[in-house]
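This report concerns only the one structure given below.
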Amino acid sequence: MNRSYGDPCGIARALDVVGERWALLVVRELLLGPKRFSDLHRGLPGASQNVLSHRLRELTDKGVVRRRRLGPPAGAWVYELTDWGRDLEPVLLALARWGGRAPLTTDGELSTDALLIALRTVFDARAAGDLNAVLALRLGGEEFGVEIGQGRIAISRGAPAAPAAVLETDAATLRSLTFLGRPLGAALTAGRVRLAGDRGLVERFLTLFPRPSPAPGRPA
């Protein structure tokens, strides 16, 4: 059932397209690149397969998402954002910055993509300074390229070319290293992290993501 606010305001018209429950989180899961349905569901375990299928169908019908078949050897069907869907990226990052100042209401873990979007959201350009580097992150069987330069960070799905360092772990451990202050040495000793290449670069990388301050009048 298609519902509309019946309001000509651009905000209302945007919500007519992506305002349904789970819709923006589907977009979040596709910001770093295409995904199969099973991978999308793994990133959104709170959404039933029926609900996720319905949202994907709606977003496809509205021109936000498209479905395509990968070429050989994969041959799998994947979902990806259209150009119009990708235009939601700065909107979602701004929303993440705003929401990051609200109190946590769950002790659940972030999905891999949600964590990487969070890193982009809080990246501190001043702390990065003149750092120019490429790293590879291997998280739960997936690989991502991280490029830092000119005070910016870019993260994309897939292995980067000639990374200066490779950090292999899981999303929960990376979250503890970046946001919760866990020392890298302790995670290495515990076997939660594997590291190749420039350890100093990885240590600096982990300091570039300060937690946002709570909104005024809200508890930490």
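Keep in mind the model is a prediction, meaning the values are calculated, not measured.
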Which heavy atom of [X] sits nearest a heavy atom of [Y], and at what distance?
{"X": "Ala76", "Y": "Arg36", "answer": "CB-CD, 3.9 Å"}
{"X": "Gly151", "Y": "Ala125", "answer": "O-CB, 3.2 Å"}
{"X": "Ile148", "Y": "Ala128", "answer": "CG2-CB, 4.4 Å"}
{"X": "Arg204", "Y": "Ala127", "answer": "NH2-O, 3.5 Å"}
{"X": "Gln150", "Y": "Asn132", "answer": "N-OD1, 3.9 Å"}
{"X": "Arg182", "Y": "Ala190", "answer": "NH2-CB, 3.9 Å"}

* Asked: What residues form a salt bridge (charged side-chain N to carboxylate O under 4.0 Å, His left out) with Arg86, not counting sequence neighbours?
  ->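 Salt bridge (charged side-chain N to carboxylate O under 4.0 Å, His left out) check on Arg86 returns Glu89.
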* Asked: Is the Phe209 ring parallel, tilted or perpendicular to the Phe123 ring (thresholds 30°, 60°)?
  ->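 Ring orientation, 0 to 90° scale: tilted.
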* **Parallel, tilted or perpendicular: ring planes of Phe37 versus His41, cut at 30 and 60 degrees** =>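 Because their plane-to-plane angle is under 30°, the rings of Phe37 and His41 count as parallel.
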Under 4.5 Å between side-chain heavy atoms, counting indirect links through other Ile/Leu/Val/Met/Phe/Trp/Tyr residues: same cluster for [X] and [Y] or not?
{"X": "Leu15", "Y": "Trp84", "result": "no"}
{"X": "Val91", "Y": "Tyr5", "result": "no"}
{"X": "Val65", "Y": "Val78", "result": "no"}

* To do: Please check if atom CZ in Arg21 has more than 12 non-hydrogen atoms from other residues, nucleotides or ligands closer than 6.0 Å.
  =>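 For Arg21, atom CZ is not crowded (no more than 12 foreign heavy atoms under 6.0 Å).
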* Asked: Are there more than 12 heavy atoms of other residues, nucleotides or ligands under 6.0 Å from atom CG of Leu180?
  ->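 Above 12, so yes.
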Can you confirm whether [X] sits close enough to [Y] that some side-chain heavy atom of one is under 4.5 Å from a side-chain heavy atom of the other?
{"X": "Leu92", "Y": "Ile117", "value": "no"}
{"X": "Leu188", "Y": "Arg199", "value": "yes"}
{"X": "Asp39", "Y": "Tyr79", "value": "no"}
{"X": "Arg68", "Y": "Leu70", "value": "yes"}
{"X": "Val193", "Y": "Leu184", "value": "yes"}
{"X": "Leu137", "Y": "Glu143", "value": "no"}
{"X": "Pro212", "Y": "Arg97", "value": "no"}
{"X": "Leu59", "Y": "Asp61", "value": "no"}

* Can you spot which of Thr82, Asp16, Val17 makes a side chain to side chain contact (heavy atoms under 4.5 Å, CB included) with Lys62? =>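 Of the listed options, the one satisfying the test is Val17.
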* Measure from NZ or CZ of Arg67 to the centre of the six-membered ring of Trp77, then state whether that distance is under 6.0 Å and the direction lies within 45° of the axis. =>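 Flagged: Arg67 positioned over aromatic ring of Trp77.
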* Verdict with reasoning, Val134 to Val146, per side chain to side chain contact (heavy atoms under 4.5 Å, CB included) -> CA-CA 6 Å; Val134 176; Val146 179; over 6 Å; no
Out of curiosity, [X] [atom1] to [Y] [atom2], how far, rounded to the nearest 0.5 Å?
{"X": "Arg42", "Y": "Asp113", "atom1": "CZ", "atom2": "CG", "value": "11.0 Å"}
{"X": "Arg28", "Y": "Trp22", "atom1": "CZ", "atom2": "CH2", "value": "8.5 Å"}
{"X": "Ile153", "Y": "Leu208", "atom1": "CD1", "atom2": "CG", "value": "7.0 Å"}
{"X": "Thr60", "Y": "Arg55", "atom1": "OG1", "atom2": "CZ", "value": "12.5 Å"}
{"X": "Asp198", "Y": "Glu203", "atom1": "CG", "atom2": "CD", "value": "9.0 Å"}
{"X": "Leu30", "Y": "Glu80", "atom1": "CG", "atom2": "CD", "value": "8.5 Å"}

* After noting the C-alpha distance and the side-chain angles of Thr112 and Glu142, does the key distance pass the side-chain hydrogen bond (donor to acceptor under 3.5 Å, both in side chains) rule? -> CA-CA 9 Å; Thr112 297; Glu142 292 188 86; 4.6 Å; no
* To do: Kindly indicate, with the supporting measurements, whether the criterion side chain to side chain contact (heavy atoms under 4.5 Å, CB included) is fulfilled by Thr207 and Thr178.
  => CA-CA 7 Å; Thr207 69; Thr178 52; over 6 Å; no
What donor-acceptor contacts under 3.5 angstrom involve side-chain atoms of residues 160-170, with partners at least two apart or in another chain?
| unit_1 | atom_1 | unit_2 | atom_2 | d |
| --- | --- | --- | --- | --- |
| Thr169 | OG1 | Arg192 | O | 2.8 |
| Asp170 | OD1 | Ala172 | N | 3.1 |
| Asp170 | OD1 | Thr173 | N | 2.8 |
| Asp170 | OD1 | Thr173 | OG1 | 3.1 |
| Asp170 | OD2 | Thr173 | OG1 | 3.1 |
| Asp170 | OD2 | Arg192 | NH2 | 2.7 |

